Amino acid sequence: MSNVAITLPDGSLKHFNGPVTGTELAAAIGPGLEKAALALKIDGEVLDISSSIETDSRVEIITRKSDDALDLIRHDTAHVMAEAVQELFPGTQVTIGPSIENGFYYDFAREEPFTPVDLEKIEAKMMEIIKRDDAFVREVWSRDEAVRHFTDIGEKYKAQLIHDLPAGETITIYRQGDWMDLCRGPHLPSTGHVGKGFKLLKLAGAYWRGDSNNEMLQRIYGTSWRDEKELKAHLDMLEEAEKRDHRRLGREMDLFHFQEEAVGSVFWHPKGWTLFQCLIDYMRQRQNEAGYVEINTPDIMDRGLWEKSGHWEKFGENMFTTEAKEDRVFALKPMNCPGGVQVYNQGIKSYRDLPLRIAEFGKVHRFEPSGALHGLMRVRAFTQDDAHIFCTEKQITDECRIVCQLILDIYSDFGFDDVRIKFSDRPDMRIGSDDIWDKSEAALKSAVEATGLEYSINPGEGAFYGPKLEFVLRDAIGRDWQCGTLQVDLNLPERLDAFYVDTDGEKHHPVMLHRALFGSLERFTGILLEHYAGSLPLWMAPLQAVVATITSDADDYAVEVRDALKASGIRTKLDSRNEKINYKVREHSHAKVPAILVVGQREIADRKVALRRLGGRDQEFLALDDAVARLAKEGVSPSGR
RNA sequence: GCCGCCGUAGCUCAGUGGUAGAGCGCACCCUUGGUAAGGGUGAGGUCGAGAGUUCGAUUCUCUCCGGCGGCACCA
């Protein structure tokens, strides 16, 4: 029997005379670890603690504190839930139940729908199973045996899963007490290790194997943690996220609304529109500085143009059309690019004109499926901060790099410093030859590599006309949002007859880069609201300051203060209502007004104001001029600083 | 689009087979009060829409519309 040398995370070596199990290894290191050991990580692969270590390897013992433990706990919670469901609801078939971010789910096949009350029952049953503390026992079965078994007990989904496993795959079954499930593992030693830090959260429908042609299963989502304290922290986070929900803030702050007559389209209120305009003003200024020109193109254009561009064929299903007079069919633009090319095509372009950066705040309409709509985040009509850069092939890399830099720079003005990039390559549904795609992908890849930024690959997710980069930013409470996009397009310029005259005197098709930084202004507004929890930085707050009087004696002076603020460009309002200052402060704080200037006898006497900032507890007594100057300075957008 | 849940006052929500209630908000009155709710009075609802069952429907059933949570989709 050969010796086995095991390297532990601290670099130390343990020698054994032959293979050892994880349990034996843990015991050899110390009794405390033996007790705490939950699983093994052998050369980066997580395995059951009972697995045996056969050859020299780097091994880590996973305990409850390890990062990898959460995944195991969640996966096991899913198994326990499945057992509970089958105990309570005989006849229910199990399908799959993985761990996911913050929790797990399990998909069941059952005629009758589960109800919220059922969730409570299932939780109670899960507690029983956890208390039983049955060991998770791994068994290796043959394919035929496994298929026969699951078919016999009426688990047709499991039988199907096993049937479809690739040849040569080891088929493992995990038992917990009398219950068993097909599972790759690994698992904790026993159900008791799941603990009490879990909660079932919601019921949902989900297609079998994620395919909308298949039947729909019932999915139960849950969250699971190391202990009740961690669970509580997560539930608190969910509550916080709910408080930040932009739909709620939109109503509370009187920014926008939706109604039946225009499902998926926004009714912007004065305050919301002010915010929206702030963002456009900011972006316009940044783009002007970055060498863009701005255009505007028609919302409704003839079907013929969309046929030529390829939109009609590839995405006509998602386009709104209008049949007006004279037998012509028109479409509301779902994208700005074809219109942009028409502007480019006016007059003859020389290589000297390139790169030509043409921006458009275009409002696009897309027929999104009803189930996809979600507040400002997913709408049927939205405004893009779109631009199309016409350039030569040689300029692609430089232009892409400049766009990437601009995006990151702009995001940081909004407090988004954690940005990831996804590279999406050719989709099945596409136009253009493979040759063109090869070129486009290579060009975009070299551009993203030139930025030095890390990126991940998103296979098959590109636009139908070209590959793209997607910029994903992480908000204040750790959620990811995809916003900006940069696409290389060697197809549309050809389809829509765009040319430039090169140094050789010949006509060539330019390369077109599509890019949007905010993406959808509507969506970005929603993201900002949630990111800032409604407490927007002063420069984009719709109402920046309120002047509030203590008593009516201060009315005249308050008007003066209000006018001074207004004269300095501060969006302000006077509150001289017959209410106590407590009441006024509370109300304007709830409305997320960044600054409240209180004036009473004390301030009138020496022309001061008492400035209170949102979220603060104290006030600051300032000379009127100083307060105005300070707020005016803060009210300038980062693009103007 | 699919599955599930939901739809009662401006908002948040209670409630009932015999045509409705609270808190906040709103209006008016009293109160002139120094930093997150002073007090009183009052107005306000086709109980999402349509059909059915019933002597009678906001309540039960069905259809539709919309919202929410997922799934699928996201040029």
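Because the structure is a prediction, the values reported are computed rather than measured. Naming convention: chains lettered A, B, ... in sequence-line order (proteins, then strands); numbering from 1 in each chain.
Separating the P atom of B:rG21 from that of B:rU35 is a span of 40 Å, rounded to the nearest Å. A gap of 34 Å separates the C1' atoms of B:rA20 and B:rA36, to the nearest Å. Atom C1' of B:rA37 sits at a distance of 10 Å from the matching atom of B:rC24, rounded to the whole Å. One P atom belongs to B:rU16, the other to B:rU53, and the distance between them is 26 Å to the nearest Å. Using P as the reference atom, B:rA57 and B:rA51 are 12 Å apart when rounded to the nearest Å. Taking the C1' atoms as reference points, B:rC74 lies 25 Å from B:rC5, given to the whole Å. Using P as the reference atom, B:rG7 and B:rG17 are 16 Å apart when rounded to the nearest Å. Separation of the C1' atoms belonging to B:rA43 and B:rA9 is 11 Å when rounded to the nearest angstrom.
The closest side-chain donor-acceptor pair between A:Lys199 and A:Ser224, if any, does not fall under 3.5 angstrom. Side chains of A:Asp107 and A:Gln218: a donor-acceptor N/O pair is absent below 3.5 angstrom, by distance only. A:Thr485 and A:Gln487 share a donor-acceptor pair across their side chains, judged by distance under 3.5 Å alone.
Within the shown strands, nothing qualifies as a pairing partner of B:rU19 under the Watson-Crick or G-U definition with both distances less than 3.5 Å. When Watson-Crick and G-U wobble pairs are counted only if both distances are under 3.5 Å, B:rA36 pairs with no nucleotide at all. Pairing partner, B:rC24: B:rG10, with both Watson-Crick or wobble hydrogen-bond distances short of 3.5 Å. Base pairing analysis places B:rU63 opposite B:rA49; the two distances defining the Watson-Crick or G-U wobble pair are each below 3.5 Å. In this structure, B:rG1 and B:rC71 make a Watson-Crick or G-U wobble pair, each of the two defining distances being under 3.5 angstrom.
Of the candidates B:rG33, B:rA75, B:rG70, the closest approach to any side-chain atom of A:Met216 belongs to B:rG70. Distances were taken from every side-chain heavy atom of A:Leu614 (C-beta onward) to each of B:rA75, B:rC26, B:rA36; the shortest belongs to B:rA36. With distances taken from any side-chain atom of A:Pro334 to the nucleotides B:rA72, B:rA75, B:rC26, the minimum falls on B:rA75. Taking only side-chain atoms of A:Arg251, from C-beta outward, the nucleotide of B:rA36, B:rC11, B:rG34 with the closest atom is B:rC11. The A:Phe464 side chain lies nearest to B:rA75 when the options are B:rU35, B:rA72, B:rA75. Closest to the A:Ser589 side chain, of the nucleotides B:rG25, B:rA36, B:rA75, is B:rA36. The side chain of A:Tyr583 lies closest to B:rG25, out of B:rG25, B:rA36, B:rA72. When distances are taken from the side chain of A:Phe315 to each of B:rA75, B:rC68, B:rG25, the shortest belongs to B:rA75. In this structure, of B:rG69, B:rG1, B:rG34, it is B:rG1 that holds the atom nearest to the side chain of A:Ser370. In the set B:rG34, B:rC26, B:rA36, B:rA36 carries the atom at the smallest distance from any side-chain atom of A:Val585.
Taking atom CZ of A:Arg219 as the reference point, atom P of B:rC2 lies 18 Å away to the nearest angstrom. Atom CD in A:Glu101 sits about 13 Å away from atom P in B:rG70, given to the nearest Å. As a whole-Å value, the separation of A:Ile220 CD1 from B:rG70 P is 16 Å. Per the geometry, OH belonging to A:Tyr557 stands 24 Å off P belonging to B:rU32, to the nearest Å. The distance from atom CD of A:Gln218 to atom C1' of B:rC5 is 12 Å, rounded to the nearest whole Å. The separation between A:Glu587 atom CD and B:rG33 atom P is 21 Å, rounded to whole Å. Regarding A:Asp211, its CG atom lies at a distance of 8 Å from the P atom of B:rC73, rounded to whole Å. For the pair A:Arg378 CZ and B:rA72 P, the computed distance is 12 Å after rounding to whole Å.
The neighbour count for A:Gln259 CD, taken as heavy atoms of other residues, nucleotides or ligands under 6.0 Å away, is above 12. In this structure, A:Glu215 places its CD atom where more than 12 heavy-atom neighbours from other residues, nucleotides or ligands lie under 6.0 Å away. Heavy-atom contacts from other residues, nucleotides or ligands closer than 6.0 Å to CG of A:Asp626 number more than 12.
Map A:Ser212 and A:Gly462 each onto its nearest nucleotide of RNA chain B; the residue landing nearer the 5' end is A:Ser212. Along RNA chain B, the nucleotide nearest A:Pro113 and the nucleotide nearest A:Gly375 are compared for position; the residue whose nucleotide lies closer to the 5' end is A:Pro113.
The residue A:Ala206 sits close only to the backbone: its heavy atoms come under 4.0 Å of sugar-phosphate atoms, none of a base. Within 4.0 Å of A:Arg247, counting heavy atoms only, lie sugar-phosphate atoms of the nucleic acid but no base atom. Looking at heavy-atom distances under 4.0 Å, A:Asn213 makes no contact with the nucleic acid at all. Within the nucleic acid shown, A:Ala463 comes within 4.0 Å of sugar-phosphate atoms alone, with no base atom in reach, counting heavy atoms only. When heavy atoms are screened at a 4.0 angstrom cut-off, A:Tyr221 is found touching the sugar-phosphate backbone but no base atom. Among the atoms of the strands shown, only primed sugar atoms or phosphate atoms (P, OP1, OP2) are found under 4.0 Å from some heavy atom of A:Lys202. Across all strands, A:His374 comes closer than 4.0 Å only to sugar-phosphate atoms, never to a base (heavy-atom distances). A:Tyr105 comes within 4.0 angstrom of nothing in the nucleic acid, heavy atoms only. As judged by a 4.0 angstrom heavy-atom cut-off over every strand, A:Gly210 is placed among residues touching the sugar-phosphate backbone only. In this structure, A:Ala548 reaches neither bases nor backbone, as no heavy-atom distance under 4.0 Å exists between it and the strands shown. Counting non-hydrogen atoms under 4.0 angstrom, A:Lys468 reaches the backbone sugars and phosphates but no base.
If you check distances only, the side chain of A:Arg612 does reach the base of B:rA36 with a donor-acceptor pair under 3.5 Å. A donor-acceptor contact under 3.5 Å links the side chain of A:Glu603 to the base of B:rG34. Taking 3.5 Å as the limit, the base of B:rG70 and the side chain of A:Tyr207 contain no donor-acceptor pair of atoms between them.
Considering only side-chain N and O atoms, A:Asn582 lies nowhere under 4.0 angstrom from the phosphate OP1 or OP2 of B:rU35.
The aromatic rings of A:Tyr465 and A:His514 lie parallel to each other, their planes meeting at an angle below 30°, with 60° marking the opposite boundary. In this structure, A:His257 and A:Phe267 have parallel ring planes: the angle between them is below the 30° cut-off, well short of the 60° mark.
Within the cation-pi definition used here (under 6.0 Å to the ring centroid, within 45° of the axis), A:Arg430 does not qualify as a partner of A:Phe464.
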I would like to know whether A:Arg244 and A:Glu239 meet salt bridge (Lys or Arg N to Asp or Glu O under 4.0 Å); could you show each step before the answer?
-> CA-CA 9 Å; A:Arg244 288 170 178 250; A:Glu239 204 175 310; over 6 Å; no

